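Have a look at the structure below before the remarks.
Heavy atoms only: backbone and side chains are in, while hydrogens, waters and symmetry mates are out. Computed from a prediction, not measured in an experiment: that's the story for all the values here.
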Amino acid sequence: MKKYKVVIIDDEPWTRESIKQLANLKRLGLEIAGEASDGEYGLELIRQTMPDIILTDVNMPHLNGIELMNILRKEKNDALVIFISGYDNFEYIRGALKVDAVDYLLKPVKQSELNHQLEQCVYHLNNRETYGIEVTGEFLNEKWAGRFYEMRDLLKSSLNSNK
């Protein structure tokens, strides 16, 4: 089984620890490449470790998660990103959509949600390597995400029309 690298970026140490405890890392073939307590350190960590998956908070000191991902996307970093936030905020969710986030999970993170999204990341990373498939953040479970896709597409269309 191929190992994939994961970086966790959150200003709350207990959140980083919770993620490590909740995630089925070994079973999924994931390894923690590093942790950061703010966006600036996270950016440097990502540039050094080149992780496959980034788990990041949205609201952090120095550089928030959306700004962090905007910088990385401009650098052509195509790591899969899962935002973890205590804020159910439209602007944050909109920002996550613009950087093709896999998902936006609310704190406290539920183990089943976290592992489901990590499983989806591994599946698509495997397919990307095997078939060269470009991942665009469209791999949420269709059974419960139909309305999300509809809203996301409307939002993307609206955002693109204002360019």
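Here CD1 of I66 is found 12.0 Å from CD1 of I71. Values are rounded to the nearest 0.5 Å. Atom OG in S37 sits 7.5 Å away from atom NE2 in H62 (nearest 0.5 Å). Between I84 atom CD1 and E12 atom CD the span is 11.0 Å, to the nearest 0.5 Å. Note that the SG atom of C121 and the CG atom of L55 stand 7.5 Å from one another [nearest 0.5 Å]. Here the CG-CG distance, from L106 to N89, works out to 10.5 Å after rounding to the nearest 0.5 Å. Within the model, atoms CD of Q120 and CG of L80 stand 11.0 Å from one another, a figure rounded to the nearest 0.5 Å.
Screening T56, V109, V58 against S85 for a side chain to side chain contact (heavy atoms under 4.5 Å, CB included) leaves a single residue, V58. Under the side chain to side chain contact (heavy atoms under 4.5 Å, CB included) rule, L118 has a single partner from L22, N24, I53, which is I53.
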Report task. Please test M69 against I54 for side-chain contact (heavy atoms from CB on, under 4.5 Å), starting from the C-alpha separation and ending with a verdict. Result -> CA-CA 9 Å; M69 290 312 302; I54 300 167; 4.0 Å; yes

Report task. Evaluate the criterion side-chain contact (heavy atoms from CB on, under 4.5 Å) for residue pair I46 and I9; output intermediate values, then yes/no. Result -> CA-CA 10 Å; I46 291 165; I9 308 166; 3.6 Å; yes

Requested in this report: Apply side-chain contact (heavy atoms from CB on, under 4.5 Å) to the pair L28 and N115, showing each step before the final yes or no.
Outcome: CA-CA 9 Å; L28 295 171; N115 283 303; 4.1 Å; yes

Query raised in the report: Which is it for E113 and I82 under the side-chain contact (heavy atoms from CB on, under 4.5 Å) test, yes or no, and what are the steps along the way?
Result: CA-CA 11 Å; E113 288 179 356; I82 299 173; over 6 Å; no

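Residues V99 and V7 share a single hydrophobic cluster, defined by chaining ILVMFWY side chains whose heavy atoms lie under 4.5 Å apart. I19 and W14 fall into different hydrophobic clusters, where Ile, Leu, Val, Met, Phe, Trp and Tyr side chains are chained together by heavy-atom contacts under 4.5 Å.
Taking all atoms of both residues into account, the shortest heavy-atom contact from P51 to A79 is O-CB, 3.5 Å. Of all heavy-atom pairs spanning V102 and Q117, the tightest one is CG1-OE1, 3.3 Å. A pairwise comparison of heavy atoms in D11 and P61 identifies CB-CD, 3.7 Å as the closest pair.
Contact check for E44 versus E40: no side-chain heavy atoms found under the 4.5 Å cut-off. Looking at heavy atoms from C-beta onward, F83 lies out of side-chain contact with D57 at the 4.5 angstrom threshold.
Y104 meets the ring pair (Phe, Tyr, Trp, His ring centres under 6.0 Å) test with no other residue; sequence neighbours excluded. Annotation: side-chain contact (heavy atoms from CB on, under 4.5 Å) contacts of L25 (sequence neighbours excluded): A23, L30, I32.
Residue K107 qualifies as enclosed at atom NZ: its count of foreign heavy atoms under 6.0 Å is above 12. Taking a 6.0 Å sphere around OH of Y92, one finds it holds more than 12 heavy atoms contributed by other residues, nucleotides or ligands.
In this structure a side-chain-to-backbone donor-acceptor pair under 3.5 Å is present from K5 to T49.
Applying the salt bridge (charged side-chain N to carboxylate O under 4.0 Å, His left out) definition to pairs two or more places apart or across chains, none involves residues 62-74.
By the 4.0 Å N-to-carboxylate-O rule, R16 lies close enough to E35 to be salt-bridged with it.
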